[in-house]
Amino acid sequence: MRRMVVLVMAMVAVWVMVGVFSSPKQASGASTPVEVTSYTVQPGQSLWTYAEMITPEGGDVSASVDELKRLNGMDGTQVRVGQRIIVPEEPDETGGER
């Protein structure tokens, strides 16, 4: 009887482990998809100065920096001249994409 209990407990443990490691996961903090394009960093630019260019007036530049870092898988904010970065696509004044 004791062997049967141990066997059942082992099977349950394996079943739980398989369920834990094979179940699909949702990314925490997943955001809405964003249309993107690429941009080449120009002399004198930093991630912050580019973020200032794309942040709407009165908007939070640091949030734009965070979004750029997320889109590019960056830990820091260092960029170099000529580097291509992924940036959000900006609508033009008519509401279309540019």
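The analysis underlying the following values was restricted to heavy atoms, covering all of them including side chains, and did not include hydrogens, waters or symmetry mates.
The two residues A51 and T55 make their nearest non-hydrogen contact at O-OG1, 2.5 Å. The shortest non-hydrogen separation linking L68 to V87 is CD2-CG1, 3.8 Å. Among all heavy-atom pairs drawn from V81 and P43, the shortest one is CG2-CA, 3.6 Å. Nearest heavy atoms, V79 versus Q83: CA-OE1, 3.2 Å. In terms of heavy atoms, T77 sits closest to L47 at O-CB, 3.5 Å.
Note that the OG1 atom of T40 and the CD1 atom of I85 stand 9.0 Å from one another [nearest 0.5 Å]. We find the CD-OG distance between E52 and S46 to be 7.5 Å, quoted to the nearest 0.5 Å. Separating the CD atom in E89 from the CD1 atom in I54 is a distance of 11.0 Å, to the nearest 0.5 Å. Note that OG of S38 is 10.0 Å distant from CG of N72, once rounded to the nearest 0.5 Å.
Within a 6.0 Å radius of CD in Q42, more than 12 heavy atoms belonging to other residues, nucleotides or ligands are found.
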* To do: Using the side-chain contact (heavy atoms from CB on, under 4.5 Å) rule, take W48 and S64 through it: C-alpha gap first, then chi angles, then the decisive distance, then the call.
  => CA-CA 8 Å; W48 184 269; S64 296; over 6 Å; no

